[in-house]
Amino acid sequence: MPELPEVEVTRLSFADRIAGAQIQSVRVGKPLRWPLGIEPNALVGRQVQVVRRRGKYLLVDLDQGLLLLHLGMSGSLSFVQQAPEPGKHDHFDLQTSRGTLRLNDPRRFGAVVFADSEDDSQAQKLLGKLGVEPLAGDFDPLRFHRALVQRRAPIKQVLLAGDVVVGVGNIYASEALFLAGIRPTTRASRLSKPRAARLHQAIGQVLARAVEKGGSTLRDFSNAHGESGYFQLEAMVYGRDGQACKVCGTPIKAIRQGQRSTFFCPQCQKP
DNA sequence: AAAAGCCCCTGGATGC
DNA sequence: TGCATCCAGGGGCTTT
């Protein structure tokens, strides 16, 4: 579910409220993707400092170490003063002096991992190969083009891989490629400098807009306040198989690339 | 090195 | 409130 916009919207919805809180108890439910990596009780008494984001990971800095949170496909966080009894899909609770941060994740592809520092091997295994942040200043079109030229895979799959640029998942990859007028099957290495620059711009544009709209709520995404997102209403191609292109009226096509669905307009998007 | 497949897991939608 | 099948916003790991 959660791509960069959903993760960022989630972060914004609780970061200020949890900053400075002291951890009072930790509850773990069913196993998530990876073990926590620390005895839960060892976190009690530590203080939450800031909540950052790297790609689709949330980094919760503590006064000693940090927690890496990933929402996987179906995860969402809530942060409330008084948490109700945990439901069957509530698999992690961080009860603090300011409220309880709770991870709900039916499919359990998500994770909460403790690391002593961002540089240690535990954290680097997850963060080490991540590409550039698309909403940060160091995402520049020429560098982007130079990276793409070395990849022969279809551009959609290069975007999803996350080692060139992070945060672009299945929805926003299709949307950005539509905005850029690029066919998702085009080999990344065949993109000209101007087309790469156009894609670079489209990625920034679509992600920023999605953050503004609170992310996309397709089935059940909500931020830590429980609020839905509305970007899906603005989707140009994602989930619109067979429907008319909003620009030219041509039916949108759905294909599969690397076991993921891809949507594009055969008229507006050139190989 | 890069690319392609596989798989983790649950639940909703659809078809029979 | 039957059963089988397919699909879903991710990504690490293994194999080519």
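Hydrogens, waters and symmetry mates play no part in the numbers below; they use all other heavy atoms, side chains included.
Rounded to an integer number of Å, the gap from CG of A:Asp90 to C1' of B:dC9 is 16 Å. At whole-Å resolution of the value, CG in A:Leu69 and P in C:dG10 are 17 Å apart. The nearest whole Å value for the distance from the CG atom in A:Leu160 to the C1' atom in C:dA8 is 14 Å. Distance CZ (A:Arg54) to P (C:dG11): 12 Å, rounded to an integer number of Å. Taking atom CZ of residue A:Arg107 and atom P of nucleotide C:dG10, one finds them 10 Å apart after rounding to whole Å. In this structure, A:Ile255 places its CD1 atom 15 Å from P of C:dC7, rounding to the nearest Å. For the pair A:Arg256 CZ and C:dC6 P, the computed distance is 11 Å after rounding to whole Å. Nucleotide C:dG10 holds its P atom 18 Å from the CG atom of A:Leu68, rounded to whole Å.
No engagement by A:Arg187 is indicated, since no non-hydrogen atom pair under 4.0 Å with the nucleic acid exists. Residue A:Tyr172 is out of contact with every strand shown, counting any heavy-atom pair closer than 4.0 Å.
A salt bridge links A:Arg209 with A:Glu234; the closest basic N to acidic carboxylate O contact falls under 4.0 Å. Taking the charged nitrogens against the carboxylate oxygens, A:Asp105 and A:Lys30 have no contact shorter than 4.0 Å, which rules out a salt bridge.
Residue pairs satisfying the ring-ring contact (aromatic ring centres under 6.0 Å, His included) criterion with at least one member in residues 8-45 of chain A, sequence neighbours excluded, are absent.
Note: the hydrophobic cluster containing A:Val112 does not contain A:Tyr57 (ILVMFWY, side chain heavy atoms under 4.5 Å, direct or indirect links).
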Could you run down the sub-3.5 Å N/O contacts of the protein with nucleotides 12-16 of chain C?
{"unit_1": "C:dG12", "atom_1": "OP1", "unit_2": "A:Tyr57", "atom_2": "OH", "d": "3.1"}
{"unit_1": "C:dG12", "atom_1": "O4'", "unit_2": "A:Arg33", "atom_2": "NH2", "d": "2.9"}

Could you write out each protein N or O paired with an N or O of nucleotides 2-5 of chain B at a distance under 3.5 Å?
{"unit_1": "B:dA3", "atom_1": "OP1", "unit_2": "A:Arg152", "atom_2": "N", "d": "2.5"}
{"unit_1": "B:dA3", "atom_1": "OP1", "unit_2": "A:Ala153", "atom_2": "N", "d": "2.9"}
{"unit_1": "B:dA3", "atom_1": "OP2", "unit_2": "A:Arg151", "atom_2": "NH1", "d": "2.8"}

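Look at A:His89 and you won't find any side-chain N or O under 4.0 angstrom from OP1 or OP2 of B:dT10. At B:dT10, one or more side-chain N or O atoms of A:Lys30 fall inside 4.0 Å of OP1 or OP2 (strictly under the cut-off). Contact annotation: A:Ser261 side-chain N/O to C:dA8 OP1/OP2 distance is under 4.0 Å.
Looking at the side chain of A:Asn170, the nearest of the listed nucleotides C:dA8, C:dG10, B:dG11 is C:dG10. Across B:dT10, B:dG11, C:dG10, the shortest atom-to-atom separation from the side chain of A:Met73 is found for C:dG10.
Nearest heavy atoms, A:Val26 versus A:Pro40: CG2-O, 3.6 Å.
Donor-acceptor pairing under 3.5 Å is lacking for the side chains of A:Arg143 and A:His200. A:Gln22 and A:Ser97 share no side-chain donor-acceptor pair at under 3.5 Å.
Annotated stems with DNA chain B as a participant read B:2-8 with C:10-16, B:10-16 with C:2-8, given as range with range, by first number; only runs of 3 or more Watson-Crick or G-U pairs under 3.5 Å qualify.
Comparing the C1' positions of C:dT1 and B:dG11 gives an interatomic distance of 16 Å, to the nearest angstrom. Annotation: C:dC7 and B:dG5 have their P atoms spaced 16 Å apart (nearest Å).
Test A:Tyr172, A:Tyr238, A:Phe178 against A:Phe263 for ring pair (Phe, Tyr, Trp, His ring centres under 6.0 Å) and you get one pass: A:Tyr238. Here the rule is side-chain contact (heavy atoms from CB on, under 4.5 Å) with A:Ile18, and of A:Val50, A:Val48, A:Val60 only A:Val48 fits it.
With a 6.0 Å radius and a threshold of 12 heavy atoms from other residues, nucleotides or ligands, A:Lys270 has its NZ atom above the threshold.
A donor-acceptor pair under 3.5 Å is absent between the side-chain atoms of A:Ser189 and the main chain of A:Val149, judged by distance alone.
Scanning for side chain to side chain donor-acceptor pair (under 3.5 Å) contacts around A:Arg52 gives A:Asp61, A:Glu118, with sequence neighbours left out.
Evaluation of A:Phe109 against the base of B:dC9 yields no stacking contact (centre distance < 5.5 Å, interplanar angle < 30° required).
Evaluation of atom-type donor-acceptor distances gives no pair under 3.5 Å for the side chain of A:Arg108 against the base of B:dC9.
Taking a 4.5 Å side-chain heavy-atom cut-off between Ile, Leu, Val, Met, Phe, Trp and Tyr, the cluster of A:Val80 contains only that residue.
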